[in-house]
Amino acid sequence: MIAPSFKERVLTIVREIPKGRVLSYGEVAKCAGSPQAFRAVGTVLAKNEDVSVPCHRVIRSDGHAGTYNGLQGKSKEAVLRSEGVIFDKNNKVVV
DNA sequence: TCCGTGACTGACG
DNA sequence: GCGTCAGCCACGG
């Protein structure tokens with residue numbers, strides 16, 4: 001039993017995000033133990049290749065989907081819409 | 001051990 | 001309302 005790395009925590013948290021729900025990088029970083037490490041969250045997800053981690057459910061604090069490496073072969077927004085997430089006129093996620 | 005990188009955030013003009 | 005600048009953190013080489 002050892003303290004998992006920040007990366008492991010982020011992946012675990014993202015993996016527990018329910019379908020149709022989204023979290024911001026800041027929220028994930030906060031749950032990971034470093035609320036100001038939102039920058040590292042992006043770095044970790046960017047290098048992540050595990051499809052078991054719905055990294056597409058992590059969006060910016062502005063409500064925009066943000067960037068996506070196309071792990072699922074689709075745009076972040078497209079994947080979120082497929083999960084029931086609604087976008088408004090401004091392309092922002094509706095909570 | 002030190003430096004560079006990056007899917008971000010908030011503030012300013 | 002939009003674009004730009006600087007700051008922050010964790011990881012790999």
Side-chain angles (χ1 to χ4, degrees):
Chain A
M1 241 336 200
I2 339 83
S5 302
F6 181 79
K7 173 173 67 174
E8 298 260 338
R9 281 202 201 211
V10 172
L11 296 175
T12 302
I13 293 163
V14 175
R15 201 182 299 149
E16 293 195 36
I17 299 176
K19 178 183 175 185
R21 192 66 182 277
V22 295
L23 284 178
S24 62
Y25 290 91
E27 290 293 311
V28 176
K30 187 177 176 183
C31 289
S34 300
Q36 299 186 272
F38 39 78
R39 182 72 81 139
V41 176
T43 306
V44 172
L45 295 179
K47 294 183 178 178
N48 172 49
E49 298 180 4
D50 194 341
V51 293
S52 303
V53 181
C55 41
H56 54 265
R57 287 181 193 156
V58 185
I59 62 171
R60 296 182 52 148
S61 61
D62 313 79
H64 274 268
T67 316
Y68 187 55
N69 64 350
L71 186 67
Q72 305 214 354
K74 297 169 81 172
S75 295
K76 213 166 170 182
E77 184 185 317
V79 178
L80 290 174
R81 284 196 182 191
S82 298
E83 303 216 336
V85 179
I86 310 298
F87 285 81
D88 66 5
K89 305 181 203 175
N90 297 323
N91 240 22
K92 291 175 81 173
V93 176
V94 180
V95 185

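Below, read A as the first sequence line, B as the second, and so on, with proteins coming before strands; counting in each chain starts at 1.
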message: So, does A/S61 get its side chain near the phosphate of B/dC8, meaning an N or O under 4.0 Å from OP1 or OP2?
response: no

- prompt: Within this structure, what is the CG-to-P distance between A/L45 and B/dT9, rounded to whole angstrom?
  reply: 12 Å

query: Under 4.0 Å between a side-chain N or O of A/R39 and OP1 or OP2 of C/dG7?
result: no

task: Could you tell me the separation between the NZ atom of A/K89 and the C1' atom of C/dG1, rounded to a whole number of Å?
output: 17 Å

field: Touch class at under 4.0 angstrom, heavy-atom based, for A/A40 against every strand present
entry: base

message: Are A/L80 and A/I59 packed together at the side-chain level, in the sense that at least one heavy-atom pair is separated by less than 4.5 angstrom?
response: yes

- request: Kindly write out the residues that satisfy salt bridge (charged side-chain N to carboxylate O under 4.0 Å, His left out) with A/R9, not counting sequence neighbours, or none if the list is empty.
  value: none

query: So what does A/S24 hit on the nucleic acid, given a heavy-atom distance under 4.0 Å: a base, only sugar-phosphate, or nothing?
result: nothing

field: Whole-Å distance separating the OH atom of A/Y68 from the P atom of B/dA7
entry: 14 Å

message: Rounded to whole Å, please give me the gap between NZ in A/K7 and C1' in B/dT5.
response: 15 Å

statement: Rounded to whole Å, CZ of A/R60 lies from C1' of B/dT9 at a distance of 8 Å

task: When you get a sec, tell me which of B/dC8, C/dG12, C/dC9 is the closest nucleotide to the side chain of A/T67?
output: B/dC8

query: Separation of A/D62 atom CG from C/dG1 atom P, in whole Å?
result: 13 Å

query: Can you tell me how far P of B/dC8 sits from CZ of A/F6, to the nearest Å?
result: 14 Å

message: Regarding A/Y25, tell me which of base, sugar-phosphate or nothing describes its non-hydrogen contacts under 4.0 Å with the strands shown.
response: base

- request: May I ask you to say what A/N48 touches in the nucleic acid, namely base, sugar-phosphate or nothing, with a heavy-atom cut-off under 4.0 Å?
  value: nothing

statement: When A/F38 and A/T43 are each assigned the nearest nucleotide of DNA chain C, the 5'-most assignment goes to A/F38

task: Would you mind reporting whether A/I17 and A/V14 have side-chain heavy atoms less than 4.5 Å apart?
output: yes

- prompt: Any side-chain N or O of A/K47 less than 4.0 Å from the OP1 or OP2 oxygen of C/dA10?
  reply: no

- prompt: When you check the phosphate oxygens OP1 and OP2 of C/dA10, does a side-chain N or O of A/S34 lie under 4.0 Å from one of them?
  reply: yes

query: Quick one: does A/E83's side chain get under 4.5 Å of A/R57's, heavy atoms only?
result: yes

query: Whole Å only: how far is the NZ atom of A/K30 from the P atom of C/dC9?
result: 17 Å

field: Pairing partner (Watson-Crick or G-U wobble, both distances under 3.5 angstrom) of B/dC2
entry: C/dG13

message: Keeping A/K76 on the side-chain end and A/T67 on the backbone end, is there a donor-acceptor pair under 3.5 Å?
response: yes

task: Mind checking A/K76 for me? I need base, sugar-phosphate or nothing, with any heavy atom below 4.0 Å counting as a touch.
output: base

